[in-house]
Amino acid sequence: MKRSRSVISRLVAHAAASPSPPPTDASHLDALRLFRRAHRRGAPLAADAFPPLLSACRSFPSLGRQAHALMVKSAADLDPVPATALLDVYSRCGLLRYALDVFDGMPVRDSIAWNAFISCLVRHGLPADAISAFRAMAVDGGSPFTGFTLCSVLKACASMRAVRLGKQIHARVIGDGNDSLVMATALIDFYSGCGMIQEAFDVFNRLNREKDVAIYNALISACFQNRRFKEAFSVLGLVRPNEITLTCALSACSDCLSLSYGKQVHCVMVRHGFDSDTTLCNAIVDMYAKCGELTSGRISFEQIHRKNVVSWTTMISAYGSHGRGVEAWKLFKRMQEEEISGHVSPNAVTFLSVLSACSHSGLVDEGRECLFAMQSKHGIDPGPEHYACFIYLLSGAAMLNACKANMDLKRGEQMARHLLSLDPDNPGSYVLLANFYAACGQWEGAEYLRRMMKDRGLKKEAGNSQLELPVAIEI
DNA sequence: ATAGGGTTAG
């Protein structure tokens with residue numbers, strides 16, 4: 001018996017969909033409150049109540065578990081429609097294990113269930129498993145491939161560089177007469193990922209329908225990924241840009257160090273009022289920093305309304321690569337202070353950026369503190385890259401000390417000069433080099449450096465030795 | 001109920 005849509009389903013769907021296109025955390029919360037009220041009054045739980053409820057759970061991952069429990073109680077977990085919605089919630093919340101369990105427990109799997117499963121594997125960086133699932137889907141029968149399937153598998157092919165399979169899919173797409181924009185965009189992205197830029201252009205040019213901004217963005221991004229800057233900029237001129245277009249353009253400006261073009265993109269962004277898009281703002285900060293305008297980067301960073309992890313990490317690594325380790329460290333500290341109100345926690349990349357910044361400035365104690373804090377305070381296990389960075393930091397510090405102890409003037413000078421070129425405005429670097437000369441008995445060199453410091457108006461603050469290196473190394 | 005284009009490190 002096919003019942004008409006339950007009241008609870010309609011109510012929740014309505015709340016989740018308002019304001020119309022993009023559901024927000026607030027509208028999801030409204031939907032959840034509505035559901036709870038109806039549920040407490042004893043409204044019957046039909047299977048069709050769950051998909052809209054589960055959409056609302058995307059903003060509150062822990063509730064997905066409770067919805068799952070209700071589904072088991074009402075046997076809705078055996079129905080492929082709500083089960084697929086549940087799988088998708090777990091997938092989007094990063095709960096891979098739960099998502100796989102849902103798929104395993106489904107007695108009936110239609111194409112959409114398979115598609116959601118494959119998409120989940122791709123999203124979690126398991127392209128080989130996604131391709132295996134794709135083959136299993138073919139064997140399974142009764143659940144034919146759809147355009148959704150092929151789009152997800154193309155993404156897996158790009159990360160696996162599975163050119164043969166990707167081309168087979170392309171052939172099938174042509175055979176099916178599927179010339180949708182989404183499919184063409186996925187194909188462009190696939191060819192781009194495999195370094196086949198000409199094939200990407202061919203897909204674009206052979207498409208006989210009106211193109212949208214997403215497919216232009218895919219082509220522009222394809223050009224940049226394959227370092228075809230000239231073509232990228234000429235394609236850019238053909239489209240009315242959105243936030244994503246500008247983000248692509250900015251990462252290219254960072255790559256080819258084109259400050260003048262980057263500034264123009266910044267102007268376009270302001271003119272379009274795109275300044276609330278955090279991803280785009282992050283790209284602006286990065287562009288200024290990579291093009292040498294650290295101060296402009298910092299100003300843009302401060303202006304970001306809703307800073308996320310990437311905003312903070314970008315600014316920290318900007319300081320790091322400019323040899324401003326102390327500034328990077330201060331910003332990292334400030335990030336943790338604002339964490340309480342702003343809910344922005346550092347991630348593994350943030351810690352690597354901090355470690356890297358410390359290593360470029362010889363901040364051994366700070367680096368060590370960072371490495372320990374990531375485990376004990378934030379529960380993130382350091383990966384090999386974190387240890388490698390920390391070892392590099394220790395060895396750099398040990399090296400200069402060794403040069404000093406062995407009076408290895410030539411090697412020590414090389415290293416100290418490198419330090420100076422990284423950080424010419426940091427008085428600590430001059431003092432370090434001067435002390436190194438003094439330790440080696442090169443008094444003229446020491447005097448020369450102190451004079452140079454004075455001429456450049458740099459003063460070393462007493463008791464604030466930024467680059468003091470430890471005598472003994474201990475971990 | 002499922003699919004396309006974007007930012008951070010090394």
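Any value given below was found using the heavy atoms of this structure, including those in side chains, with hydrogens, waters and symmetry copies removed. Note on naming: letters A, B, ... go to the chains in the order of the sequence lines (proteins, then strands), and numbering restarts at 1 for each one.
In this structure, A:Glu385 atom CD and B:dG10 atom P are separated by 11 Å, rounded to whole Å. Distance, A:Phe145 CZ to B:dA3 P: 18 Å, rounded to whole Å. Atom CZ of A:Arg92 and atom P of B:dA1 are 11 Å apart (whole Å). Put simply, CG on A:Leu393 is 15 Å from C1' on B:dA9, counting in whole angstrom units. Counting to the nearest Å, the P atom of B:dT7 and the CG atom of A:Asn217 are 11 Å from each other. At whole-Å resolution of the value, CD1 in A:Ile118 and P in B:dT2 are 15 Å apart.
Between B:dG6, B:dG4, B:dT8, one nucleotide has an atom nearer to the side chain of A:Asp286 than all others, and that is B:dT8. Side-chain proximity of A:Cys248 to the nucleotides B:dT2, B:dG6, B:dG4 is greatest for B:dG6. Picking from B:dT7, B:dG10, B:dG6 the nucleotide with the shortest atom distance to the side chain of A:Leu352 gives B:dG10. When the nucleotides B:dG6, B:dG4, B:dA3 are ranked by their closest atom to the side chain of A:Ala214, B:dG4 comes out on top. Of all nucleotides listed (B:dG6, B:dT2, B:dA1), B:dT2 comes nearest to the side chain of A:Asn115. Comparing B:dG4, B:dG5, B:dT2 by their nearest atom to the side chain of A:Ile215 picks out B:dG4. In the set B:dT7, B:dG5, B:dA9, the nucleotide with an atom closest to the side chain of A:Ser221 is B:dG5. Comparing B:dT8, B:dG10, B:dG6 by their nearest atom to the side chain of A:His360 picks out B:dG10. The A:Ala116 side chain lies nearest to B:dT2 when the options are B:dG5, B:dT2, B:dG4. Here the nucleotide nearest the side chain of A:Ser317, chosen from B:dA3, B:dA1, B:dA9, is B:dA9.
Phosphate contact (OP1/OP2 of B:dA3, side-chain N/O of A:Arg123, threshold under 4.0 Å): present. Between A:Lys155 and B:dG5 there is a side-chain polar atom (N or O) within less than 4.0 angstrom of OP1 or OP2.
Among the atoms of the strands shown, none is found under 4.0 Å from any heavy atom of A:Arg306. Residue-level contact check: A:Thr314 touches the backbone only, with heavy atoms under 4.0 Å from sugar-phosphate atoms and none from bases. Among the heavy atoms of the strands, none lies under 4.0 Å from A:Asn308. Across all strands, A:Val285 comes closer than 4.0 Å to no nucleic acid atom at all (heavy-atom distances). Residue contacts shown for A:Leu280 include a base, since a base heavy atom lies under 4.0 Å away. Within the 4.0 angstrom heavy-atom criterion, no nucleotide atom of any strand lies near A:Pro82. Within the 4.0 angstrom heavy-atom criterion, no nucleotide atom of any strand lies near A:Leu86.
In this model, no donor atom of one side chain and acceptor atom of the other lie less than 3.5 Å apart for A:Asp88 and A:Ser91. Checking A:Tyr288 against A:Arg298 by side-chain atom types alone, no donor-acceptor pair falls below 3.5 Å. Residues A:Tyr90 and A:His68 bring a donor and an acceptor atom of their side chains to less than 3.5 Å of each other. Looking at A:Asn282 and A:Thr279, their side chains never bring a donor and an acceptor atom within 3.5 Å of each other. In summary, the side chains of A:Ser143 and A:Asp110 do not present any donor paired with an acceptor at a separation below 3.5 Å, with no hydrogens or angles considered.
With contacts defined as side-chain heavy-atom distances shorter than 4.5 Å, the pair A:Lys333/A:Glu366 does not qualify. Within the 4.5 Å cutoff, the side chain of A:Asn242 has heavy atoms near those of the A:Asn217 side chain.
Judged as a side chain to side chain donor-acceptor pair (under 3.5 Å), the pairs with a partner in residues 219-232 of chain A (not counting sequence neighbours) are, in order, A:Ser192-A:Gln225, A:Ser221-A:Gln225, A:Arg228-A:Glu231.
Distance check, rounded to the nearest 0.5 Å: OG of A:Ser254 to CG of A:Asp286 gives 4.5 Å.
Within residues 258-277 of chain A, the residues that have a heavy atom under 4.0 Å from DNA chain B are, in order of number, A:Asp277.
Between the base of B:dG4 and the side chain of A:Asp212 there is a donor-acceptor pair shorter than 3.5 Å.
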